[in-house]
Amino acid sequence: MLDIRLIRDNPDQVKQRLAGRSGDFASLVDEVLAIDAQRRAAETERQKLQSDRNRISKEIGIAKKNGQDTSAIEAEVRGIGSRIDEIGREADASDAKQRDLLLSIPNLPHEACPVGSTAEENPEVRVWGAKPEFAFQPKDHTVLGAALGMLDFEAGVKITGSAFVVYRGAGARLERALISFLLDLHTTQHGYEEISPPLLVKPECLEGTGQLPKFGDQVYHSPEDNLYLIPTAEVPVTNLHRDEIVPLEKLPINYAAYTPCFRREAGSAGLGTRGLIRMHQFDKVELVKITTPETSMAELESLTGNAEKVLQLLGLHYRVIELCTGDIGFGSAKTYDIEVWAPGQGTYLEVSSCSNFGDYQARRMNLRYKDENGKNRIPHTLNGSGTALARLFVALVETYQQADGTIVIPEALRGHFGSEKIG
RNA sequence: GGUGAGGUGGCUGAGUGGUCGAAAGCACAUCUUUGCUAAAGAUGCGUAGCCUUAACAGCUACCGAGGGUUCGAAUCCCUCCCUCACCGCCA
């Protein structure tokens, strides 16, 4: 959520920064400004009336103590009371409306965010490794998965539906090995605290990180309980500190969490993706940071580096791109995507999206920290996948497949997997 | 799920209709004094909003959340949430 004061004081600058995004937000800014003026007028009026009532009510108390008749003055205050109710309803309605509007305005792209309108304009930042060469035609992971008894898509459909999968045998084992490999790496080498959060969260959490109210149709919801299945560990983990004032000494906070992620993918069903590329449920290890504003950009670089390390250790070719203003996520100020090469697909797959949200999420979730002067300030939040599992699985088996149909397990993973090859 | 008890400021804990945003203690900050590995005293010490300002100040709201009664609610009533204890159920 943007700071209403920023919008109030620099509306043109805000509009200009938002103009880099796809979609028109200038009119929303104007709406917010109009409602803000209404809200403040009503609020001022209400507070003046409340002040009057408080004063006169005290006088009544004193007069009654002295045995005086107060019926006339009580009638007067009754009148004030009904006006307070009236103007109060107005003020509350404006306040709610203003909040709704603010929640639906995306974050300002950072000055450092490259300007562009579509994904085609995302600059490539760096490339690691090279596309592996094969002396044979590399197979798709669905073919490998079926042949080695690792992936059972039919079973997923049978028990749940399309875009659900059953991992079995070496597949289930590989998935588990990857999860513990990733967690061990980030907790022992990169200084993150491991978190295992609930997978069901309250709506406030989704509002805090930005999925609600705008993207409610992408999240599974249990109406009886008013709980949502998390679309990413970012939601429960960042909200760990919702409504808190964190002491400065605790920053930066670094969390790593493995969770399954659940996404309805409404509107994108059957979007030409085969196999594991886009599922309603997938595993992911997520990295979350809470930092001071001064250090957040440097922390974004280190967070991205931590995610890249995964691919380097596994020997998987990847590239890092930076999202331009037109392609950046709703709450993000600056984002790097890491894309791993999947030989069987002949394409790069996004396995990580590392973003600095600035104070956008923290303001939504009323997260603050005390600075060195004891002042409450709003910290910056960051997160990135470290990494998504299903696509990492794809890249891994497709990269390390052999001519005989077996899969070699990369050195770094053997301890976790417990053997050198599959098949 | 049932019964009982309870949810007050960073913590402990008073406060059952009126100058209560809230006693007291602890913790913390600054200052003073005496001195020596500390004691005593003074002052300050929540969050947000509004209105203003060079700054201070002022006003309003917040005593788990939301409603209600009242001229006036931390205090009375209703609903919900949470914590603790016991019971029930259960991986």
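Below, chains carry the letters A, B, ... as their sequence lines are ordered, and counting in each starts from 1.
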Between [M] and [N] - [atom1] atom distance, rounded Å:
| N | M | atom1 | result |
| --- | --- | --- | --- |
| rG13(B) | rC86(B) | C1' | 27 Å |
| rG35(B) | rA40(B) | C1' | 11 Å |
| rG6(B) | rA14(B) | P | 12 Å |
| rG18(B) | rC77(B) | P | 16 Å |
| rC71(B) | rU52(B) | C1' | 30 Å |
| rC78(B) | rU70(B) | C1' | 16 Å |
| rU79(B) | rG41(B) | P | 49 Å |
| rA5(B) | rC26(B) | C1' | 26 Å |

Taking for each residue the nucleotide of RNA chain B with the nearest heavy atom, is it Lys202(A) or Ala75(A) whose nucleotide lies nearer the 5' end?
->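 Nearer the 5' end of the strand: Ala75(A).
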Name all pairs fulfilling the ring-ring contact (aromatic ring centres under 6.0 Å, His included) condition that reach into residues 368-400 of chain A, sequence neighbours left out, sorted by first residue then second.
->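 For residues 368-400 of chain A: Tyr167(A)-Phe393(A).
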Pairs touching residues 45-78 of chain A that satisfy ring-ring contact (aromatic ring centres under 6.0 Å, His included), sequence neighbours left out |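 Qualifying pairs: none.
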Gap between atoms CD and P, on Glu249(A) and rG10(B) respectively (whole Å) |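 Computing the Glu249(A):CD to rG10(B):P distance gives 16 Å.
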Could I get the full list of salt bridge (charged side-chain N to carboxylate O under 4.0 Å, His left out) partners for [X], not counting sequence neighbours?
| X | result |
| --- | --- |
| Lys309(A) | none |
| Arg21(A) | none |
| Glu286(A) | Lys284(A) |
| Glu294(A) | Arg377(A) |

Between N or O atoms, less than 3.5 Å apart, protein on one side and nucleotides 18-20 of chain B on the other: list the pairs.
{"from": "rG18(B)", "atom 1": "N2", "to": "Ser57(A)", "atom 2": "O", "distance (Å)": "2.8"}

In chain order, what residues pass the side chain to side chain contact (heavy atoms under 4.5 Å, CB included) check against Ile73(A), with sequence neighbours excluded?
->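 Expected list: Ile56(A), Glu59(A), Ile60(A), Thr70(A), Glu76(A).
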Is there a side chain to side chain contact (heavy atoms under 4.5 Å, CB included) between Asp30(A) and Lys15(A) once you walk through the steps?
-> CA-CA 9 Å; Asp30(A) 288 332; Lys15(A) 284 183 196 172; 2.7 Å; yes
Sugar-phosphate atoms are those with a prime plus P, OP1 and OP2; base atoms are the rest. Using that split, label each nucleotide of nucleotides 43-67 of chain B B, S or - for protein heavy atoms under 4.0 Å, 5' to 3'.
-> ----SSBBS-------BBS------
Watson-Crick or G-U stems involving RNA chain B, each at least 3 pairs long, distances under 3.5 Å, ordered by first number =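 Consecutive-pair runs (3 or more) involving RNA chain B: B:1-7 with B:81-87, B:10-12 with B:24-26, B:28-32 with B:40-44, B:46-50 with B:58-62, B:64-68 with B:76-80.
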Stepwise side chain to side chain contact (heavy atoms under 4.5 Å, CB included) test for Thr335(A) and Glu322(A) | CA-CA 6 Å; Thr335(A) 298; Glu322(A) 187 171 357; over 6 Å; no
If a pair satisfies salt bridge (charged side-chain N to carboxylate O under 4.0 Å, His left out) and one of its residues is in residues 225-252 of chain A, list it, with sequence neighbours excluded.
->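 Sorted result for residues 225-252 of chain A: empty, none.
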Listed partners of Asp140(A) passing side-chain hydrogen bond (donor to acceptor under 3.5 Å, both in side chains), at least two apart =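 Listed in chain order: Thr142(A), Arg274(A), Gln345(A).
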